[in-house]
Amino acid sequence: MTGYENCHLCPRNCGIDRTRNPGPCGGGSLPRLARAALHFWEEPCISGEGKDVPGSGTVFFSGCTLRCCFCQNFEISEENRGREVSEERLCEIFLQLQQQGAANLNLVTGTHYLPSILRALDIAGDRLQIPVAWNCGGYETIESVEALAGRVQIFMPDLKYYDSALSGRLSRAPDYFDRASRAIYRMIELAGPPVFDARGLLTSGVILRHLVLPGHRDDSLRLLDWIASNLPRDEFLLSLMSQYTPYRPLPYRELNRKLSSFEYNAVIDRALTLGLTHTYTQQRTAAKEEYTPPFDLTGI
Ligand code: SF4
């Protein structure tokens with residue numbers, strides 16, 4: 001795995017020296033964070049809804065290797081809002097979340113800070129007892145995924161697009177599916193099948209997430225066909241999300257509205273038809289802005 005001086009941490013493969021200038025992901029040479037707090041808006045086996053735990057210990061990293069044009073967290077992914085911290089402070093933040101009773105440590109969009117995260121986890125050592133979840137956009141190199149082996153027990157990758165023209169248009173990543181599908185396959189190999197504790201909280205495994213986009217139902221259906229044909233059944237959980245919310249006007253007309261029930265139900269029906277029964281779905285009321293927490297440096 002490379003470091004920040006010659007950065008190849010994600011498939012963009014910039015090769016730039018981030019100790020001099022930030023990369024196109026916004027990442028410099030110290031981790032930048034926007035929020036570290038208990039968070040409830042994940043799947044119930046992660047946030048502990050109804051399981052007598054106060055939430056998932058969620059660390060939101062600023063910047064992003066993908067920067068999808070419709071990102072609900074654009075204040076941090078694109079505008080890079082946040083504060084830099086040392087690796088020692090990052091470790092303290094992890095331990096403070098554990099002390100608050102977090103069900104797990106949920107690292108959101110940390111790919112571009114992978115070396116610092118690994119060092120912070122090393123500093124924490126055995127003091128960190130809760131499962132660590134890698135919550136990412138799926139756009140990962142195999143090397144980065146393998147660097148997480150033994151440090152992370154849960155992978156929560158998105159699988160956003162099947163079509164390369166679509167991923168090129170919305171995330172400037174025409175190689176998205178090729179990269180993400182290979183990374184996800186490796187995550188499943190590393191994490192193994194889902195394991196839950198007595199409370200029903202996930203302690204290891206993969207939750208593969210897909211946000212259904214308005215106007216792009218067909219791409220979701222093609223993704224499900226690929227998932228059913230290519231990934232080992234029963235060795236991952238699937239989460240089909242309907243929470244898409246237009247946050248700002250976009251040049252793509254279909255993305256300036258919420259998802260319709262017809263579109264979402266068509267995707268759920270296809271998953272069931274394909275036998276993808278280990279699937280989380282969302283209520284249609286999920287498309288609310290409250291899914292986006294305030295990026296106000298809480299806990300940093
Ligand atoms: S992590 Fe950032 S700087 Fe490094 S390769 Fe990816 S986009 Fe480029």
Side-chain angles (χ1 to χ4, degrees), residues 1-36 58-87 89-90 93 106-122 132-149 151-152 155-161 164 166-187 190 209 295 300:
M1 190 190 63
T2 62
Y4 298 136
E5 295 81 9
N6 176 23
C7 186
H8 297 279
L9 288 168
C10 87
R12 303 245 185 236
N13 264 326
C14 301
I16 62 166
D17 183 353
R18 286 170 39 182
T19 62
R20 293 172 178 271
N21 290 302
C25 53
S29 56
L30 279 177
R32 190 174 180 88
L33 280 62
R35 182 179 174 87
T58 309
V59 182
F60 290 91
F61 290 89
S62 309
C64 181
T65 58
L66 268 177
R67 295 189 172 192
C68 309
C69 66
F70 53 83
C71 181
Q72 66 181 19
N73 295 345
F74 70 93
E75 290 169 311
I76 57 171
S77 61
E78 194 174 311
E79 296 174 359
N80 213 14
R81 186 175 297 180
R83 180 188 292 153
E84 285 188 344
V85 299
S86 67
E87 288 155 1
R89 174 64 192 143
L90 185 60
I93 288 169
N106 181 355
L107 305 174
V108 182
T109 318
T111 303
H112 48 302
Y113 289 121
L114 181 57
S116 297
I117 290 170
L118 294 178
R119 278 194 283 273
L121 290 172
D122 281 348
V132 181
W134 190 251
N135 185 340
C136 69
Y139 193 53
E140 302 277 6
T141 65
I142 296 296
E143 294 73 23
S144 289
V145 173
E146 290 181 342
L148 290 161
R151 322 292 252 292
V152 158
F155 289 97
M156 299 163 67
D158 290 332
L159 187 53
K160 294 173 183 285
Y161 316 101
S164 59
L166 184 63
S167 61
R169 195 155 55 95
L170 302 186
S171 298
R172 289 168 296 158
D175 60 343
Y176 177 85
F177 177 77
D178 178 50
R179 295 296 196 152
S181 56
R182 283 193 277 156
I184 286 166
Y185 201 85
R186 189 72 182 116
M187 290 175 192
L190 290 173
R209 297 164 134 188
F295 297 120
I300 306 302

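We count residues from 1, following the sequence as given. All values derive from a computational prediction rather than experimental measurement. Ligands are counted one by one from 1 in listed order, and the atoms in each one are counted from 1 as well.
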All side-chain contact (heavy atoms from CB on, under 4.5 Å) counterparts of C10, not counting sequence neighbours: R12, T65, T111
I'd like to know if the side chain of Y161 reaches the main chain of Y176, judged simply by a donor and an acceptor atom lying under 3.5 Å from each other, with no hydrogens or angles considered. no
Are there any protein N/O/S atoms under 2.8 Å from atom 8 (Fe) of ligand 1, and if so, which? C14 SG
With sequence neighbours left out, write down each residue that passes salt bridge (Lys or Arg N to Asp or Glu O under 4.0 Å) with R151, or none if nothing qualifies. D122
Give a yes or no on whether the backbone of Y4 and the side-chain of R18 come within a donor-acceptor separation of less than 3.5 Å. no
Which of N106, T58, D158 passes side-chain hydrogen bond (donor to acceptor under 3.5 Å, both in side chains) with N135? Answer is N106
If the condition is side-chain contact (heavy atoms from CB on, under 4.5 Å), which residues does C69 pass it with, not counting sequence neighbours? L170, L250, Y252, L255
